[in-house]
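Structure first, commentary second.
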Amino acid sequence: MKTLERSFYDRRPLIVARDIIGKKLIRTLNDGSELSGIIVEAEAYEGNKDPASHAFRGKTPRNEVMFGEAGHAYVYFTYGFHHCLNLVTSSRFGKASAVLIRAVEPVSGIEEMKVRRKTNSVTQLTSGPGKLCQAFLIDRSLNGTDVTTMDSPIRLEDTSLKVRIAISTRIGIKQAADRMWRFYSKTSPYVSKSHVNATTGRES
DNA sequence: CACCCGATTATCT
DNA sequence: GATAATCGGGTGT
């Protein structure tokens with residue numbers, strides 16, 4: 001399967017957020033080893049037209065990647081603990097749009113992810129935006145990375161997977177909380193569920 | 001330069 | 001359901 005090119009990302013974020021479900025995320029480390037997973041959850045952020053977006057109030061040092069070319073990674077640090085991975089989408093329908101990758105289903109490098117996440121529970125490895133960045137060793141040093149080349153440390157591959165997609169409001173935001181801009185695999189056990197107890201598996 | 005709080009997670013009750 | 005952990009971006013003084 002081939003690396004997704006810029007034209008994939010250079011569309012409106014709602015389209016990309018839906019279409020990115022089922023694609024494979026591949027992280028190549030400095031030693032050449034690979035970690036990968038199938039994207040099962042993503043959200044659209046429409047830049048300067050979206051009150052929930054970091055880019056809503058204009059360009060700052062943190063969000064400037066969002067104002068650049070589609071197909072680059074926007075990685076930010078939040079809550080003093082976590083990194084989140086976004087992919088910049090088209091600027092033709094409003095400036096600075098991006099898609100937040102919220103969860104993947106681990107495919108390869110699972111043993112290494114377990115070490116980094118300090119758990120043996122496979123469903124806990126990458127079922128959340130902060131979790132997957134920890135598992136995939138993604139931090140701000142990768143902010144701005146062009147993800148459209150074969151040798152990029154982060155890239156996406158096309159797949160032939162057919163995924164049943166569900167739609168909902170976005171998670172963890174207060175502004176524009178009613179917009180149905182979250183897309184996820186209807187059947188995947190790897191979709192983020194922050195209200196689910198990690199050890200008991202019970203919903204609270 | 002002080003203050004507030006966040007596109008989260010783990011752990012406790 | 002609630003909260004601690006812990007950093008730094010963004011805003012306003």
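Quick note on labels: first sequence line is chain A, next is B, and so on, each numbered from 1. All values reported here derive from a predicted model rather than from experimental measurement.
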Is A:Ile101 linked to A:Phe136 within one hydrophobic cluster, defined over Ile, Leu, Val, Met, Phe, Trp and Tyr using a side-chain heavy-atom separation of less than 4.5 Å?
-> yes
Does A:Asp50 use its side chain to pair, donor to acceptor, with the backbone of A:Tyr45 at less than 3.5 Å?
-> no
Would a distance-only check, ignoring hydrogens and angles, find a side-chain to backbone donor-acceptor pair under 3.5 Å from A:Thr126 to A:Val104?
-> yes
Ionic contact status for A:Asp158 with A:Lys24, cut-off 4.0 Å = no
Please confirm whether the shortest side-chain N or O distance from [X] to OP1 or OP2 of [N] is below 4.0 Å.
| X | N | answer |
| --- | --- | --- |
| A:Thr60 | C:dG10 | yes |
| A:Arg117 | B:dT9 | no |
| A:Arg57 | C:dG9 | no |

Would you indicate whether A:Asp178, at its atom CG, is surrounded by more than 12 heavy atoms from other residues, nucleotides or ligands within a distance under 6.0 Å?
-> yes
Greater than 12 external heavy atoms within 6.0 Å of A:Lys114's NZ | yes
For B:dC5 and C:dT3, measure between their P atoms and round to the nearest Å.
-> 16 Å
In this structure, how many angstroms lie between the [atom2] atom of [N] and the [atom1] atom of [X], rounded?
| X | N | atom1 | atom2 | answer |
| --- | --- | --- | --- | --- |
| A:His82 | B:dA10 | NE2 | C1' | 8 Å |
| A:His83 | C:dG9 | NE2 | P | 12 Å |
| A:Leu85 | B:dT8 | CG | P | 14 Å |
| A:Ile171 | B:dT9 | CD1 | C1' | 13 Å |
| A:Phe81 | B:dA7 | CZ | C1' | 17 Å |
| A:Ile173 | B:dC5 | CD1 | C1' | 16 Å |
| A:Asn63 | B:dA7 | CG | C1' | 13 Å |
| A:Asn120 | B:dA10 | CG | P | 14 Å |

Among A:Val191, A:Val40, A:Thr123, A:Leu125, the one residue meeting side chain to side chain contact (heavy atoms under 4.5 Å, CB included) with A:Glu105 = A:Val40
Hey, is the side chain of A:Tyr79 pairing donor to acceptor with the base of C:dA5 inside 3.5 Å?
-> no
A:His54 and A:Tyr76: aromatic ring centres closer than 6.0 Å?
-> yes
Output row for DNA chain B, stems defined as at least 3 consecutive Watson-Crick or G-U pairs under 3.5 Å, is B:1-6 with C:7-12, B:8-12 with C:1-5
If you look at every strand shown and take non-hydrogen atoms under 4.0 Å, does A:Gly80 touch a base, only sugar-phosphate, or nothing?
-> base
For A:Ser90, all residues meeting side-chain contact (heavy atoms from CB on, under 4.5 Å), sequence neighbours excluded | A:Asp10, A:Arg92, A:Phe93
Could you verify whether a donor N or O on one side chain and an acceptor N or O on the other, from A:Ser192 and A:Glu41, lie under 3.5 Å apart?
-> yes
Can you tell which of [options] lies closest to the side chain of [X]?
| X | options | result |
| --- | --- | --- |
| A:Arg62 | C:dG9, C:dC7, B:dT8 | C:dG9 |
| A:Leu100 | C:dA5, B:dA7, C:dT11 | B:dA7 |
| A:Met66 | C:dG9, B:dG6, B:dA7 | B:dA7 |

Measure the distance between the ring centre of A:Tyr76 and the centre of the six-membered base ring of B:dA7, then answer whether it is under 5.5 Å with planes under 30°.
-> no
Tell me which of A:His54 and A:Phe77 sits closer to the 5' end of DNA chain C, going by the nucleotide each one is nearest to.
-> A:Phe77
Per the under-4.0 Å heavy-atom filter, residues of residues 131-146 of chain A near DNA chain B come out as A:Lys131
